Amino acid sequence: GRKGFQAVLGNPLAVLLNCVASHQPAQGGGESLKIVIIVFPQLPGGFLGPVMKILFLSDEECLALWDYYVPGRLSEYQLIISCGDLKASYLSFLVTMARCPVLYVHGNHDTHYRDNPPEGCDCIDGHVVEYNGVRILGLGGCQKYHPGDHQYTDRQMRGRILKMRWPMRKAKGIDILVTHAGELGKY
């Protein structure tokens, strides 16, 4: 049977068929979260497009994908999305080894990206992008808790979302919303 759950994203422009979250022990006793989503983009006329497997990563570098990397481990993915707070060198390594695009939004600790952005990766923070028929909106950062980059008050975040209304309308909606921090109360 299929693991995960089924849901329709967008209007309905992509079908989420498999969502697997696996916690892997990280150095120092922490955990690294890896989520794999298999997407079938829906083509005009209601036909499903080719399968696209997306790897989502966030907050801690996965040792199996970096320190203990085995060639070919990333070959099954057509897209990698970072939800923030990962080292620029890690994302640059992933884009080189995976040979697929790496998209990212900023996390609240990604202030170093200003001087040293991830090479070969595309920042989608504050943008709607389309990849293989899947429309993706990136809204990085978190709720403001002290002065610093990529932290927003509720009012500032509402303003960022309002600015995205036209790009979302122009794209005829979005299929995936990529954020660093979930909505209030959904952690």
Side-chain angles (χ1 to χ4, degrees), residues 1-5 7 9 14 16-40 50-127 129 131-132 134 136-143 145-146 148-151 175-183 186-187:
R2 274 188 290 221
K3 293 182 181 178
F5 59 92
L9 300 176
L16 178 64
L17 285 183
N18 193 0
C19 182
V20 180
S22 65
H23 291 275
Q24 300 174 354
Q27 207 167 20
E31 289 186 340
S32 175
L33 179 63
K34 177 178 94 169
I35 298 175
V36 177
I37 296 180
I38 299 175
V39 177
F40 290 82
V51 173
M52 182 167 58
K53 197 166 186 182
I54 305 172
L55 174 64
F56 287 83
L57 300 165
S58 181
D59 292 290
E60 287 189 37
E61 292 73 19
C62 176
L63 295 180
L65 298 179
W66 201 7
D67 290 349
Y68 304 109
Y69 180 76
V70 175
R73 184 169 277 162
L74 295 169
S75 63
E76 64 186 301
Y77 303 107
Q78 288 78 44
L79 182 63
I80 298 174
I81 298 178
S82 166
C83 299
D85 287 351
L86 293 170
K87 293 178 184 172
S89 57
Y90 177 64
L91 296 181
S92 298
F93 176 82
L94 291 176
V95 77
T96 302
M97 294 299 140
R99 305 209 186 270
C100 71
V102 174
L103 308 177
Y104 69 91
V105 296
H106 296 104
N108 53 310
H109 299 293
D110 288 334
T111 56
H112 58 281
Y113 282 14
R114 185 180 12 193
D115 300 323
N116 183 28
E119 294 177 14
C121 304
D122 295 311
C123 180
I124 61 167
D125 205 343
H127 300 284
V129 298
Y131 184 74
N132 283 351
V134 177
I136 306 165
L137 168 63
L139 281 175
C142 72
Q143 189 168 22
Y145 59 93
H146 69 74
D149 293 339
H150 314 301
Q151 297 178 48
D175 302 307
I176 298 174
L177 171 63
V178 179
T179 67
H180 176 65
E183 65 180 292
K186 301 289 183 186
Y187 299 100

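Nothing here was measured: the structure is a model prediction, and the numbers come from that model. Counting from 1, the numbers follow the sequence of the chain as shown.
Formation of a donor-acceptor pair under 3.5 Å by the Glu76 side chain with backbone atoms of Lys53 is not found in this model. Arg73 places a side-chain N or O within donor-acceptor distance of the main-chain N or O of Tyr68, the cut-off being under 3.5 Å. Looking only at distances, a side-chain donor or acceptor of Asp85 sits under 3.5 Å from a matching main-chain atom of His109. Proximity of a side-chain donor or acceptor of Gln78 to a complementary backbone N or O of Cys100 within less than 3.5 Å is not detected. Between the side chain of Asp175 and the main chain of Val134, no donor-acceptor pair closer than 3.5 Å is present.
Ring geometry for Trp66 versus Tyr90: interplanar angle of 30 to 60°, hence tilted.
Considering only heavy atoms from C-beta on, His150 stays 4.5 Å or farther from Tyr113 through its side chain. The shortest side-chain heavy-atom distance between Phe56 and Ile176 falls under the 4.5 Å cut-off. Between Asp149 and His106 there is no side-chain heavy-atom pair separated by less than 4.5 Å.
Atoms NE2 and CG, from His127 and Leu139 in turn, are 10.5 Å apart once rounded to the nearest 0.5 Å. Going from atom SG of Cys62 over to atom CG of Leu94 covers 9.0 Å, rounded to the nearest 0.5 Å. Here the CG-CE distance, from Leu65 to Met97, works out to 12.0 Å after rounding to the nearest 0.5 Å.
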TODO: Kindly indicate, with the supporting measurements, whether the criterion side chain to side chain contact (heavy atoms under 4.5 Å, CB included) is fulfilled by Thr179 and Cys83.
DONE: CA-CA 6 Å; Thr179 67; Cys83 299; over 6 Å; no

TODO: Carefully, step by step, assess Gln151 and His146 under the rule side chain to side chain contact (heavy atoms under 4.5 Å, CB included).
DONE: CA-CA 8 Å; Gln151 297 178 48; His146 69 74; 3.7 Å; yes

- [ ] Check the pair Leu79 / Ile136 against side chain to side chain contact (heavy atoms under 4.5 Å, CB included), numbers first and verdict last.
- [x] CA-CA 12 Å; Leu79 182 63; Ile136 306 165; 3.8 Å; yes

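Considering Ile81, Leu91, Val95, Asp122 as possible partners of Tyr104, the one that fulfils the side chain to side chain contact (heavy atoms under 4.5 Å, CB included) test is Leu91.
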